[in-house]
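A short write-up of the structure that comes next.
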Amino acid sequence: MAECHPVGFQWVMEAKARGARVIHIDPRFTRTSAVADMHVPLRAGSDIVLLGALINHIISTQKYFREYVVSYTNAATLVNEDFKDVDDVGVFSGFDAQSGTYDTSTWQYLGVEETAAAGNRSAAGKHPTGQELGGRGSKLEHGRVQRDETLQDPRCVFQILRRHYARYTAELVEQVCGVGPEGFAKICDAITANSGRERTTAWVYSVGWTQHSVGVQYIRGACIIQLLLGNIGRPGGGIMALRGHASIQGSTDIPTLFNLLPGYLPMPKAGEHEDLSSYFESIYSPDQKGFWTSAEAYTVSLLKAWFGDMATAHNDYGFHWLPRVNGDHSTYSTLMDMLDGTVEGYFLLGQNPAVGSSNGKAQRLGMAQLKWLVVRDLNMIESATFWKDGPEIATGELRTEDIGTEVFFLPAAAHTEKKGTFTNTQRMLQWRHKAVDPPGDARSELHFFHQLGVELRRKLAGSPLERDAGLRNLTWDYPLETDGEPDGEAVLQEINGRHRSGAKAGQMLSSFVDMKADGSTDGGCWIYTGVYADGVNQAARRRPGQEQSWVAPEWGWAWPLNRRMLYNRASADPDGKPWSERKRYVWWDEAQQRWTGEDVPDFPVDKPPSFRPAPGTGGPGGLAGDDPFIMQADGKGWLYAPSGLLDGPLPTHYEPAESPVRNPLYRQQSNPTRESFPRQENLTNPSPPEPGSEVFPFVVTTYRLTEHHTAGGMSRFLPYLSELQPEFFCEVSPELARERNLVNGGWATIVSARTAVEARVLVTERLAPLRIDGRVIHQVGLPYHWGVGGSAVVSGDSANDLLGIALDPNVHIQESKAATCDIRPGRRPTGPALLRFVEEHRRRAGITVTTGNIRMTPPEGSL
Amino acid sequence: MGARNRRRSWPVLGQLTGADRLGRGAAVESARTASLSPRTATADRVVQSVCPYCAVGCGQRVYVKNEKVVQIEGDPDSPISRGRLCPKGSASEQLVNNPNRVTSVRYRRPYATDWEDLPLDRAVDMISDRLLDTRARTWQEADKDGNKLRRTMGIASLGGATLDNEENYLIKKLFTAAGVVQVENQARI
Amino acid sequence: MVPRATFTSYYGRPVVKPSPWEADIPAYFFLGGLAGASSMLAAGAGVTGRPSLRRTARLGALAAISASYVALIHDLGRPERFMNMLRVAKPTSPMSVGTWILTAYSPLAGAAAAAEMTTLLPQRLLGVGRPLRAVSGPAGVGAAVLGAGVASYTAVLLSDTATPSWHEARRELPFVFAASAAAAAGGLGMIGAPADQAGPARRLAAGGALVELLMERRMEASMGITAEPLHAGRAGRLLRASKALTGAGAIGAVVLGGRSRVVAVMCGAALLAGSAATRFGIFEAGQESARDPRYTVVPQRQRLEGGGARVGRF
Amino acid sequence: MSVRASGGLLGPLNPARGAGWQDPPPRKGFFTDTSLCIGCKACEVACKEWNRIPEDGLAMLGTSYDNTGGLGASTWRHVAFIEQRKPMRMLPVANGMGDSPASGAASDVINPARGAADFRWLMSSDVCKHCTHAACLDVCPTGALMRTELGTVVVQEDICNGCGYCVPACPFGVIERREGDRTVHNAGVAQKCTLCYDRIGEGMTPACAQACPTESIQFGDLEELRERARERVGTLRAAGVSDARLYLDDQKDGIGGGGAFFLLLDEPEVYGLPPDPVVSTRELPAMWRTAAVAGLGLLAGAAAAFAGRRR
């Protein structure tokens, strides 16, 4: 956190000064470790073992927060009797080895049937994938679950949890993670002693957890710990996702993601969502609890925002104009299509995949197959110049004169040259005022896409084709500023939504609760409704922090409805009283008959704690007064996920797709549902039990440095940042340096099945060899900011060129935090010799396209 | 810098006649030093903004003089950042005023070995042509089972995560209406 | 105290910075010393009626001091701002003090030399220089007195720094520089004046050389580990050459200088070269001492561990 | 002016008054608490950005995460990174944690492969010390270096003629002459931290201190900072951080105390700082006396050379 979010880290330092204890769990000793009370190095890719062992410790020593667990989580809920926990092979019940997918119906709660849409991997598309939940809570048929509040029933979630994690012991932690019993005990003591009524523990993670082939389950592991310890919805608790970029949260909320519509509504799927009613049916059941039952109002309002008067009840509000997805169309799947030559055009909008995405060589080879490429950026990034100075030109794999890609480079406006909102990692929207005009041809994306839309609509104005109806009927009449820039506030107003008819016609909506499914309201992103409440740009509020309470609710605006902490009803006990005076945040005011407190209550504000819904009530009305998790279909925090995940209802340990270590828990080496792309451009290093893994004996992990920004587009072109970290380097322990003759300040060549890169060497005790399963495992650290090109102030080989592409099945995020490599002293060969050098490694390891891509690990001895 | 209208004569005289006998301070001050003032004080306006780098969302104050950004620093009013910035945030003035920034459209023809110039309007016109052309050629109305697809798989987009919400909104809206589904973002990476 | 075998530093990087000065500055020191001591020789020659020695010394002083200005200005980062040296008069700044001494000295030395030059004028123009010649005596004496400052302040200039081998040499360095100046001026006198007039030059040279060598030895002994750079590398070579040249020149001056003009010239040249080598050597040694953190850290550590006074004896 | 005792040349401990400023405001300074530094280098960049300092080299130094090296003409803040095999005891006083069984443990690195190796990574942002007795200022022959009414030491870039004397004079190796041709801003002129004289004159905070995310760099009235620092050291020591010590906070030290001073977690030289810096001005009167003796000796020697028989 100190490395990549230094200014946010001030709050950790302040907490520390007030007595908080900071434990840093990371393969590397970083700037965070330097000021932490304890650093626990572990092997990259082994976290679920550590998290599972913590869960085991919490349960077996009875350290969980029983009242919270019983009241607020699904611990007491009974699960379908057909559910079978993971077996010796390493899979849960319902697994189909052929397709690598689960039928999740056996995972369901007892008495709650699996509904048709969930859990089936749609196989029609080229890159099949399962249900796309995005950020949405998973559907339940109804909220009438069976509970055993004694937590003794063997079918209850709590007992399933206990049994599942019983084998995750301190000994296993030492064996798999390389964390000794002493360190493990200290973590156990710290988190359990600092949880309960009086205390809370917070977990903070970032892409160190998401970028794994089991990434979602890492975070689920932390969810289980925090729910068991009663740390969700409470001040000083929570699980904080430190998102990496200015508005990466915003680009998920208002998604530029293939599987989502704004507000975590799913993109319609081919075959499943022929019309609106089938679409709604797959999102929620009217019998379930919580706010997803209003998805109809959110969707219709979105369609009204997009298609205006052309969207009517008669035409399903234009739903049929939306394109359908039928599989994984995420960026890496698109890359495979590019390599196959089926993608013609590509827009890069402030993104540098030639450097920043896994398997950089495949990225560049893919772009060389395009017909046309539009790059919009502040600087002349490597993705715009790969055709003349990319590494493949040097090796002869590509020749400039043979690359038919037509490239448009359009300069972009900087953050001071346009107005608009970023959504930060706390879900807070902050409005930026415009300071100056952009220079020359530089324009904002707002300007460019508006202009592009105007052009497209002009050219299609007379088109009789049905396929052009969506574009023709699109609302695209934004007021323009004098320089032709669309008014960003008008766009934000559209996002917020308006009353379209009735007494309030034309007025801004103040809450998504006001949205209607009858076309009388519009709104481009329901979770953002309220950002323009009362006709005021709430995101532009800047009442100085020092003039406000510590929650500072009048600075910017956080979704939903300016709630700064989600699920904050859980900060009070089931009776609505704060768990403790120290930790009071939101509580029930008996006199006022309202929820009140430091923050906007994340709960129906007048629903008393004692409220119990009539049986069969769905939606928000179905929430009981002690159901704090209002977006969950049963109102409870999920220790166990009966649906919504593709790779298991509980986190379980699989080795990374590339690992030097055999999975000690199961026959199955790595996540059997992981998404992989076996092809010549994306070869995989062998892992045990496959032969050849000794050729790539080291764990490699990639990361960022304080001094740089992602693929360098906003840092390597700046002298002030470039001089602070001018060269690509690798970090190795003194022990590995001795073993491989690496000299501090010298050069090393790091090799994988994909390619070899050269880096300057930093020999440092900050990287420690770990004793894993009786042998020493070395880890190599690689910051990934550099790329090969001619325009940046500093350049160098790219760490991402080393990485292959294996994805988490739920979210299609690549495993870039743990892979394997070899490392040798000296610089790499250049030109065609580099290809021969890599080929030699492949040959020694016996790598073919199928290596590392056999989904199910065969029984021992059969390889 | 306060009362600094002292005479500027030969500093040696000042040494001899004033309190600064050793010529360390008051006697040796130059006219330029005496009139120093921070460029934040002489800016035409200050604009409140947000740092474009990470997701903490630190407040920034952008100082503008003669329609040029002359300084960007932390906004002490922000309850998030309390006026502080990391090295990247502190470098954001250089990000904006970077002489390495390319500010005109560059165009590379297929198989060409170098860039050429292209007017911005022409570029947008050409891009919209390319988009329509590819879209028409790669349009998928339905899958083999007759299920509605209404899309093109011939066009893709990958955005960075420094785009504004309003920008993402227009991107998603336009591409979705056009049948482009491969709309992706750093958020996936 | 025995220096600790090990010491701690930050990646071996220097603690203090070496001066940005190049050859200009040691040249300037040498030329200043030569000028100052030459003015003394000139004054003595004037008083004792040694016109040839007087002429050599006066012209030598002016030439040297003029060249020293060139060196000084050339060394500046902003030569056009040289005159800012006269903005202030700071007793805390040896360079400021030196500038003012030079400012006073130069016109006097210049007047003396100018008067000397008028004697070279054709007979019918001699009258023009008469007023000049009238003041040249007092001016020459003044230059001689100020010359003492010109020749010795440069040692303070070096020692009043954090450069270890310069600062630690502060107790003896003025003597070394003054004596070296004497040797150089004597050498110049031996070159420029016939043997029968050059006796004082020879004696000054020999005396200067003797004192220089003795004080240098004493200096090295008092500097602790910061004497090491005086013996190492380029500085060591220069200082060894300096000792050899100075010693040889002095012995030659005493033994043979009065007899052979050729030997006198050779001895004079050796003395001049030796004096220059002293300045360059000590300059270099200081620069080296600044580049190695050992010479900064170890003496300070010793001082701290020796307890008591934070500031060592002078 | 006569050269009196060294105190006369050193000047008083209130340096602004000593520099002829009438009723100067409270002296301003930096307290850099390295125990709070996270090595982010925001100070380096914020300083360069405000002061328009040119880029200072693109070489990787192989010295941990430090590719800056040290202070110089084009680096006025420098963050040092020191990797040590030494135990780090960093637990602050446990407010509200005192009754917790988890408290009281020292910071440690748990690594069975290496044994319980204690390791620490020290970071420290270095800067000009704005000495009470400032050598750079004392030796400056032009008055380019100036003591401000706020007690800080600045270079007046319009005055400096680049004589370079301040460079070897500084006992910390801070000030340096900027090299480069005339296209380089202030080339040929001595450069160092001004403690953002232009900003603090308007009541603003220096750029580095304003940017510092963790308040490792604190700016304010020197007296108050010293008090705060003493308190902080007490807190750390009480918490078992026995290595914590203040550096340049003592007016009795060789520079009369720093206007910028530090809380360090190891010996100063570990950070590249001199353990016992002394302003050479302290010995200058004695040096002048020695030089006077030497000069007079030379004069006497020259006179003596003319004594005796004429030859």
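Fair warning: this is a prediction, and the values are worked out from it, not measured in the lab.
Ion pairing of R13(C) with D66(D) is absent here, as no side-chain N (NZ or NE/NH1/NH2) approaches a carboxylate O to less than 4.0 Å.
Using a 4.5 Å cut-off between heavy atoms, P293(C) makes no contact with chain D at all. For a residue to count as touching a neighbouring chain, one of its non-hydrogen atoms must lie under 4.5 Å from one of that chain's; by this rule V279(D) does not touch chain C. Of the atoms belonging to C170(D), it is backbone heavy atoms, and not side-chain ones, that fall under 4.5 Å from chain C. Only the backbone of L273(D) comes within less than 4.5 Å of a heavy atom in chain C; its side chain stays farther off. Contact annotation for R182(D): only side-chain heavy atoms (C-beta onward) come within less than 4.5 Å of a heavy atom of chain C. For a residue to count as touching a neighbouring chain, one of its non-hydrogen atoms must lie under 4.5 Å from one of that chain's; by this rule F172(D) touches chain C with the backbone only.
Note on L72(C), V176(C), V97(C): by heavy-atom pairs under 4.5 Å with chain D, the leading option is V97(C). Of the listed residues (C136(D), P171(D), G70(D), A144(D)), the greatest number of heavy-atom pairs within a distance under 4.5 Å of chain C belongs to P171(D). Between chain D and the options G12(C), G286(C), G208(C), A45(C), heavy-atom pairs under 4.5 Å are most frequent for A45(C). Ranked by non-hydrogen atom pairs under 4.5 Å with chain C, the options A190(D), A302(D), A135(D), P274(D) are led by P274(D). The residue among I159(D), V167(D), V139(D) with the most heavy atom pairs within less than 4.5 Å of chain C is I159(D). Top candidate by heavy-atom pairs under 4.5 Å with chain D, chosen from A151(C), A155(C), G98(C), S159(C), is S159(C). The most heavy-atom pairs under 4.5 Å with chain D, out of L86(C), V156(C), V16(C), come from V156(C). Residue with the most contacts toward chain D among A182(C), P94(C), S19(C): P94(C) (heavy-atom pairs, distance under 4.5 Å). Ranking V211(C), I73(C), L76(C) against chain D, the residue ahead of the rest is L76(C), based on heavy-atom pairs under 4.5 Å.
The two residues S38(C) and A57(C) have their closest heavy-atom pair at O-CB, 3.2 Å.
Within 6.0 Å of atom CD in Q251(D), more than 12 heavy atoms from other residues, nucleotides or ligands are found, so the atom counts as buried in its surroundings.
Side-chain contact between E284(C) and P26(C) is absent, with no heavy atoms from C-beta onward closer than 4.5 Å.
A donor and an acceptor atom, one from each side chain of E83(D) and S64(D), are located under 3.5 Å apart. Remark: the T290(D) side chain and the R171(C) side chain contain no N/O donor-acceptor pair separated by less than 3.5 Å. The closest side-chain donor-acceptor pair between H167(C) and E283(D) falls under 3.5 angstrom.
Taking the six-membered ring where the residue is Trp, the centroids of F283(C) and W166(C) are separated by under 6.0 Å.
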